[in-house]
Amino acid sequence: MLPDESPTPTGHDPRPSDTVVLDASGLRALTHPVRVRLIGLLRTDGPSTATRLADRLDLNSGATSYHLRQLAAAGFVEEDPDRPGGRERWWRAVHRFTRFDDPELVEREPAAALAYLQSVAAAHASQAQQAFAHLPTSPAPWRHALGLGDVRLRLTPEEASRLGTEIREVLSRYPLDDPGAERPPGTEPVSVVVHVLPLPEEPAPPTDTPTDPTASGEGNP
């Protein structure tokens, strides 16, 4: 499965109604990073208004309202029926998860696919910065439990795909953060971000013998 803002770990088996599978129109609707972040907030924190969401994202409410309407037109969010009317609309996410695992769609819509993935990566980066901002006031056990690192591997496409599957299998052993469920004492929401990305090859260093004698130390006093 390609990375997205709400991956579905293997084994959690969400109900079909909980998951939206991106088609071409849905993919194009999510090419804006603000929309990806809006869906993420509505999924993790529950229904909200444009004003409240704008405060969270440091945007103006007019722009936030516009993006929410675009998301509603694409079927990703809807007005909350439990809070009808009033001076301001309340919005909620229609799905909990997004699936984006159609290689043919990536080939047909390369520009939209790239913009969407870049928006997801930007949302991940913003979430990490917010977590670091709160780190100094976090309880000591959580400061000691966090992990941050990377490793560079050399894999075939098949090995990279298998690696992603194995990571999702590990994640499936742990409970998802359900905003509607009662959380046991001592638990906090934890974000696990996985990027399996092909990297550009570094250019090989030059092998020619330098013509400047000072480059090899010759000619120095």
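All values derive from a computational prediction rather than experimental measurement.
- L148 and V192 end up in different hydrophobic clusters when Ile, Leu, Val, Met, Phe, Trp and Tyr side chains are linked at under 4.5 Å.
- Residues meeting the salt bridge (Lys or Arg N to Asp or Glu O under 4.0 Å) test with R92, sequence neighbours left out: E78.
- In the hydrophobic clustering of ILVMFWY residues, with side-chain heavy atoms under 4.5 Å counting as a link, V151 and L146 come out apart.
- Sorted by first then second residue, the side-chain hydrogen bond (donor to acceptor under 3.5 Å, both in side chains) pairs that include residues 51-61, not counting sequence neighbours, are D45-R56, T51-E88.
- To the nearest 0.5 Å, atom CG of residue L163 and atom CD of residue E158 are 13.0 Å apart.
- A distance of 10.5 Å separates CD1 in I39 from OG in S119, rounded to the nearest 0.5 Å.
- Of all heavy-atom pairs between L30 and L22, the closest is CD1-CD2, 3.9 Å.
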Item checked: side chain to side chain contact (heavy atoms under 4.5 Å, CB included) between S48 and L42, intermediate numbers included -> CA-CA 7 Å; S48 189; L42 290 174; 4.1 Å; yes

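- Just one residue in the list H124, Q127, Q130 forms a side-chain hydrogen bond (donor to acceptor under 3.5 Å, both in side chains) with S191, and that residue is Q127.
- Checking side-chain atoms of H95 against main-chain N and O of F97 turns up no donor-acceptor pair under 3.5 Å.
- Between the CG atom in L53 and the CG atom in L68 there is a gap of 6.0 Å [rounded to 0.5 Å].
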Check: Run the side chain to side chain contact (heavy atoms under 4.5 Å, CB included) check on R43 and T98 step by step: do they pass?
Finding: CA-CA 11 Å; R43 287 176 174 177; T98 300; 2.9 Å; yes

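- Contact check for L57 versus L41: side-chain heavy atoms found under the 4.5 Å cut-off.
- The closest side-chain donor-acceptor pair between R89 and T49, if any, does not fall under 3.5 angstrom.
- Checked by atom type, the side-chain pair R162/T156 shows no donor-acceptor distance below 3.5 Å.
- Between the side chain of T44 and the backbone N or O of G40 there is at least one donor-acceptor pair closer than 3.5 Å.
- Considering only heavy atoms from C-beta on, L38 comes within 4.5 Å of L71 through its side chain.
- Between the OG1 atom of T19 and the CZ atom of R99 there is a distance of 7.0 Å, given to the nearest 0.5 Å.
- Interatomic distance, D23 CG to D102 CG, rounded to the nearest 0.5 Å: 9.5 Å.
- There is no path of hydrophobic side-chain contacts, each under 4.5 Å, that joins V193 to L117.
- A search for side-chain contact (heavy atoms from CB on, under 4.5 Å) contacts involving Q118 returns L114, not counting sequence neighbours.
- Annotation: side-chain hydrogen bond (donor to acceptor under 3.5 Å, both in side chains) contacts involving residues 133-154, sequence neighbours excluded, comprise R154-E201.
- Between H67 and L59, the closest side-chain pair of non-hydrogen atoms is not below 4.5 Å.
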Next item on the list: Given side chain to side chain contact (heavy atoms under 4.5 Å, CB included), test Y116 with R35 step by step and report yes or no.
Entry: CA-CA 10 Å; Y116 168 63; R35 296 176 194 170; over 6 Å; no

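- By the side-chain contact (heavy atoms from CB on, under 4.5 Å) test, E109 is found to be paired with A24, L27, R28, L105, A112, residues two or more places apart in sequence or in another chain being considered.
- Hydrophobic clustering places V194 together with V190 (ILVMFWY residues linked when any side-chain heavy atoms are closer than 4.5 Å, directly or through intermediates).
- We find the CD-CZ distance between Q70 and F76 to be 12.0 Å, quoted to the nearest 0.5 Å.
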Next item on the list: Step by step, work out the side chain to side chain contact (heavy atoms under 4.5 Å, CB included) result for V196 and L155.
Entry: CA-CA 10 Å; V196 180; L155 307 174; 5.6 Å; no

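- A72 pairs by the side-chain contact (heavy atoms from CB on, under 4.5 Å) definition with V77, W91, not counting sequence neighbours.
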